[in-house]
Amino acid sequence: MRSNVVFVVLLLLLGGLVAGLVMRAPETHEAPIAATAEPLPAASASGAPADTGAVASASATVSASASAAPAPPPPPPMDRPLRVMGLGWELVAPGVMANGGVVPGSGSFYEKQRLDVVIAASQDASKVENALARGGKDPEGADIAILPLPRFVASYERLKALHPVIFFVVGYSDGREVVLSNKGGFDKLPRQGKLELDAAPGSAAAFLALYAFDLAGVNVDRVDLTSKDAPFRALTRRQSKAASEQVKGDVLLTTGEAAGLIPHVAIAQTGLVESHPAALTAWAEGWLEGQRIVASDASEAARTIAKAKGAPEPLTVLADLGTIRPASLADCAHATGLSGRGAATLEKLFEESWRIWREAKILSVPPERAPVDGSIVASLVRAGAPLDPPATSKVPDQAPTKSDDAPLITHRIRADELDVDAVVEELGTIAGVFPRSPLVITVHPAVRGRIAADAKETKAVIDRALERFDLPPARLRAGKATGVTGTVATVAIMPVP
């Protein structure tokens, strides 16, 4: 009986369990949707849940701080001072003003460029050349030497191992050199025998005289530079007035007329130009800025320069500044051949200097290719640096002088037959060397023994020269000169109006 009761109870319990399982509703499980999932709050350092508002605020603060933090300054263009030395304080004046002195000045242009510049000058060309030979790592040396182009060419044999290169033009002589005589002008030069000239071999003044003699038809190898009692003298304007305010002798020619003949060039070793283009570009940009400072207040520039050790008095500095025409960036582009317009380029003037110095027995080796690097000038042009010169240095266009004025120099172009392209090129060079002088041109090719003026050919040469070199029409005028045997054209270089 008891066993039957237990069996019945167990059966009822089993039935109840089955009924409960059948009656229970199944639960539905859905996967979370990633697009709407909320990020979990980050745990605090103590392990308690973090306040999400505080986290968002902290993130915004960090982001704002990161964007507001100034970028680290770029490294300086050079890790040591850039040393510059020029032949005379007037040649380095723009650099001194851009530097706030001969050593870096507070708030100066170069300081803002983070370029440490040290500037020196000497009237002794050999000291400038020796400084370049020492290099800028030597406190007595120089990375950049500033010299008149003819002086650089005369010393090229000694400097050649440095692989020097011209990379910038800082200015042009403008009355700095003078040729004097008490024996008449260039039209009175003896056609035979020795011609005595008192001039320092290799100097810019000597080159001016020899170039003028060459234009006038005198072979340079006839000129003797060693005489101290010569009828012709070539020297700087300061030297010519050393004893008094009066120049001794008749002035035949100065770089006031030949204002494109003697550029003052910045020279550096090729390795420096290739390894530190940013430093040299910043230096050149500062130089252009220094020109504007000098042009706006020359007296302040003179006072600043006079403070330097070994510099002359302010009045002397002012006088010397008046003998230099600043070279604009456009001038540099023309000189380095980037514009393709002017004929009196650095390459052409280098070749002319080499030829004349070799004929004068100052150079002995055959001509070298002109060491000119236009990369620094090109980088300034691409960067949009101002092309225009300071307002006080612009060379105005000039109208031709009267027909009865005597020429400064009469140049006869020699050739067996007329080559119009060659005549145009030579005319363009002369126009570049004498940028203020009107030129009177006569073409007279020998035809059937006649050497009279040929008006048609003369006009053709003038028209082509005006177009080729972008010259003002007032610069050139047709002449009626009679030729001589062996010449195809005559160019009369007239006085500046």
Side-chain angles (χ1 to χ4, degrees), residues 149-150 169 172-175 186 207-208 211-212 214-217 253-263 325 327-328 330-353 355-356 389 393-401 403 405-415 418-444 457-479 481 487-497:
L149 177 63
V169 180
Y172 286 83
S173 283
D174 193 356
F186 295 110
F207 178 74
L208 172 65
Y211 181 82
D214 183 71
L215 280 180
L253 183 69
T254 75
T255 45
E257 292 92 9
L261 180 64
I262 301 177
R325 176 173 63 88
S328 67
D331 290 330
C332 292
H334 285 305
T336 54
L338 297 178
S339 69
R341 301 295 286 181
T345 61
L346 290 174
E347 182 177 1
K348 179 64 176 179
L349 294 175
F350 185 94
E351 293 171 355
E352 286 291 289
S353 300
R355 178 181 65 83
I356 286 177
S393 66
K394 185 179 179 181
V395 178
D397 298 337
Q398 300 290 347
T401 52
S403 59
D405 286 340
L408 291 171
I409 302 172
T410 298
H411 173 58
R412 297 187 182 277
I413 300 177
R414 299 184 177 277
L418 178 63
D419 182 339
V420 173
D421 290 336
V423 172
V424 168
E425 192 69 23
E426 190 159 355
L427 181 58
T429 300
I430 294 173
V433 167
F434 296 90
R436 299 184 179 101
S437 292
L439 305 177
V440 180
I441 302 97
T442 309
V443 177
H444 39 69
E457 290 287 3
T458 298
K459 184 178 185 304
V461 166
I462 290 176
D463 289 345
R464 288 183 61 177
L466 292 174
E467 180 181 5
R468 167 70 178 82
F469 302 111
D470 195 24
L471 297 171
R475 288 289 314 280
L476 307 180
R477 177 162 58 88
T487 67
V488 294
T490 299
V491 182
I493 303 165
M494 306 303 291
V496 176

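One-based numbering along the sequence shown.
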Residue pair [X] / [Y], side-chain heavy-atom distance below 4.5 Å:
X: Phe469; Y: Leu427; result: no
X: Leu215; Y: Phe186; result: no
X: Pro150; Y: Ile262; result: yes
X: Leu253; Y: Phe434; result: yes
X: Ser437; Y: Leu408; result: yes

Hey, does the side chain of [X] reach the backbone of [Y] with a donor-acceptor pair shorter than 3.5 angstrom?
X: Asp331; Y: Ser328; value: yes
X: Thr458; Y: Val443; value: yes
X: Arg477; Y: Leu439; value: no

Could you report the tightest heavy-atom contact between [X] and [Y], atom names first, then the distance?
X: Thr442; Y: Gly479; answer: OG1-C, 3.0 Å
X: Leu476; Y: Ala465; answer: CD1-CB, 4.1 Å
X: Ala335; Y: Val169; answer: CB-CG2, 3.9 Å

Only counting residues at least two apart or in another chain, list the ones meeting salt bridge (Lys or Arg N to Asp or Glu O under 4.0 Å) with Asp419. none
Which residue pairs pass the side chain to side chain donor-acceptor pair (under 3.5 Å) test when at least one of the two sits in residues 421-430, sequence neighbours left out? His411-Glu426, Asp421-Arg464
